[in-house]
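First comes the structure, then the notes that go with it.
The basis for the numbers below is simple: all heavy atoms, side chains too, and nothing from hydrogens, waters or symmetry mates. Counting starts at 1 for both ligands and their atoms, in listed order.
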Amino acid sequence: MSSSPSKTAAPKIGVCPGSFDPIHNGHVDIIDRCCPLFDEVVVAVLRNTSKEPLFSIDERVEILREVLAGHPRCRVESFSGLLVDFMREIGARTIVRGLRAVSDFESEFQMALMNRRLDPRVETVFLTPKEEYSYLSSRLTKEVFRLGGNLEGLVPAAVLERLHQRLVRV
Ligand code: PNS
């Protein structure tokens, strides 16, 4: 019987891209759901966002690393430029995005098709968060913070802590 050379399959890498300014519990829920589906999960934080961020890129990466410290197969990286170029660099082909409601669909659909157009090997998959987080967004958490509302239970402790530090500083 002839033995065929053993081939090691490339690890399946899922990429969760986003601005994460700040990460909220809906993001954490999607990343949690993503982990069992891939060998490795890369949380990719966009560097060159056009919006004025609340947290710098270094702070966002630091917060994410702290929040995801208990996720052994998950790593946090930042990227600039096209997402598909970053994916090519790390050997990933699957983008994972959270889909909260129908209102997310149009822009997510556009991004998925554009990414596929830019690199036909790239697929986008959508996961739905827990219902209790389906209304959460980074934009709303920032607004609530700025207006003095309570974000307990909506963002990880690492975010709350830094938000409180900001309040002490101003
Ligand atoms: O958390 P966000 O702001 O909804 O994330 C958007 C993100 C970072 C996934 C998207 O803006 C992105 O991938 N930007 C990188 C630039 C890019 O590749 N653009 C073309 C494809 S949409």
Side-chain angles (χ1 to χ4, degrees), residues 12-35 37-38 40-68 71 74-146 151 153-156 158-160 162-163 166:
K12 292 254 178 301
I13 306 174
V15 175
C16 296
S19 310
F20 302 105
D21 185 42
I23 185 171
H24 55 69
N25 286 350
H27 290 129
V28 179
D29 182 65
I30 293 294
I31 296 165
D32 282 344
R33 287 169 199 282
C34 196
C35 285
L37 306 177
F38 296 93
E40 215 181 300
V41 170
V42 175
V43 178
V45 192
L46 180 66
R47 276 187 170 271
N48 52 340
T49 173
S50 52
K51 311 162 206 165
E52 182 60 40
L54 174 64
F55 290 110
S56 71
I57 181 67
D58 291 340
E59 283 174 308
R60 280 179 278 149
V61 168
E62 185 183 284
I63 294 170
L64 277 154
R65 289 193 174 141
E66 208 173 305
V67 172
L68 301 173
H71 295 60
C74 187
R75 68 175 205 267
V76 181
E77 304 276 348
S78 64
F79 76 102
S80 51
L82 289 175
L83 176 60
V84 292
D85 289 341
F86 171 73
M87 295 187 58
R88 207 173 296 130
E89 273 167 36
I90 64 166
R93 292 198 183 168
T94 312
I95 299 169
V96 181
R97 293 283 288 170
L99 205 54
R100 291 165 297 192
V102 178
S103 52
D104 278 344
F105 182 76
E106 196 175 341
S107 60
E108 291 298 335
F109 190 63
Q110 285 176 339
M111 280 200 279
L113 291 180
M114 179 55 85
N115 282 321
R116 187 196 280 164
R117 162 85 199 202
L118 293 169
D119 187 339
R121 295 167 307 174
V122 165
E123 290 294 351
T124 303
V125 299
F126 296 101
L127 299 179
T128 47
K130 253 188 194 157
E131 299 88 313
E132 65 196 84
Y133 300 136
S134 60
Y135 64 92
L136 257 184
S137 70
S138 295
R139 186 185 63 77
L140 271 186
T141 57
K142 279 187 278 199
E143 186 173 314
V144 170
F145 165 67
R146 285 192 179 116
L151 287 172
L154 301 180
V155 296
V159 174
L160 269 185
R162 280 164 181 85
L163 290 175
R166 294 257 157 135

The reported gap from CG in Leu127 to CD1 in Ile30 (rounded to nearest 0.5 angstrom) is 5.0 Å
Heavy-atom distances under 4.0 Å decide this one: backbone, side chain, both or neither, for Phe79 against ligand 1? side chain
Under 4.0 Å from any heavy atom of Gly81, which atoms of ligand 1 are there? 15 (C), 16 (C)
If you have a sec, work out which protein heavy atom is nearest atom 19 (N) of ligand 1 and how many Å separate them, to one decimal? Leu82 CD2, 3.9 Å
Location of contacts on Val84 toward ligand 1, heavy atoms closer than 4.0 Å: neither
Show the nearest heavy-atom pair for residues Ser138 and His24, with the distance to one decimal. N-CD2, 3.4 Å
Check Arg97 against ligand 1 and report side chain, backbone, both or neither, counting heavy atoms closer than 4.0 Å. side chain
Are the charged groups of Glu123 and Arg116 less than 4.0 angstrom apart, N to O? yes
Leu54 vs Glu59 side-chain heavy atoms within contact, under 4.5 Å: no
What's the shortest distance from atom 10 (C) of ligand 1 to any protein heavy atom, and which residue and atom give it? Met111 SD, 3.9 Å
Under 4.0 Å and counting heavy atoms only, is there anything from the protein next to atom 15 (C) of ligand 1? yes
Do me a favour and list the nearest non-hydrogen protein atom to atom 1 (O) of ligand 1 with residue, atom name and distance? Ser19 N, 3.0 Å
Ranked by distance from atom 18 (O) of ligand 1, the top protein heavy atom is Leu83 N, 2.9 Å
Ligand 1 to Asn115, heavy atom cutoff 4.0 Å, flagged ligand atoms 21 (C)
Using heavy atoms and a 4.0 Å limit, tell me yes or no: is Ala44 in contact with ligand 1? no
Pick from Val96, Thr124, Ile90: which one makes a side-chain contact (heavy atoms from CB on, under 4.5 Å) with Val15? Ile90
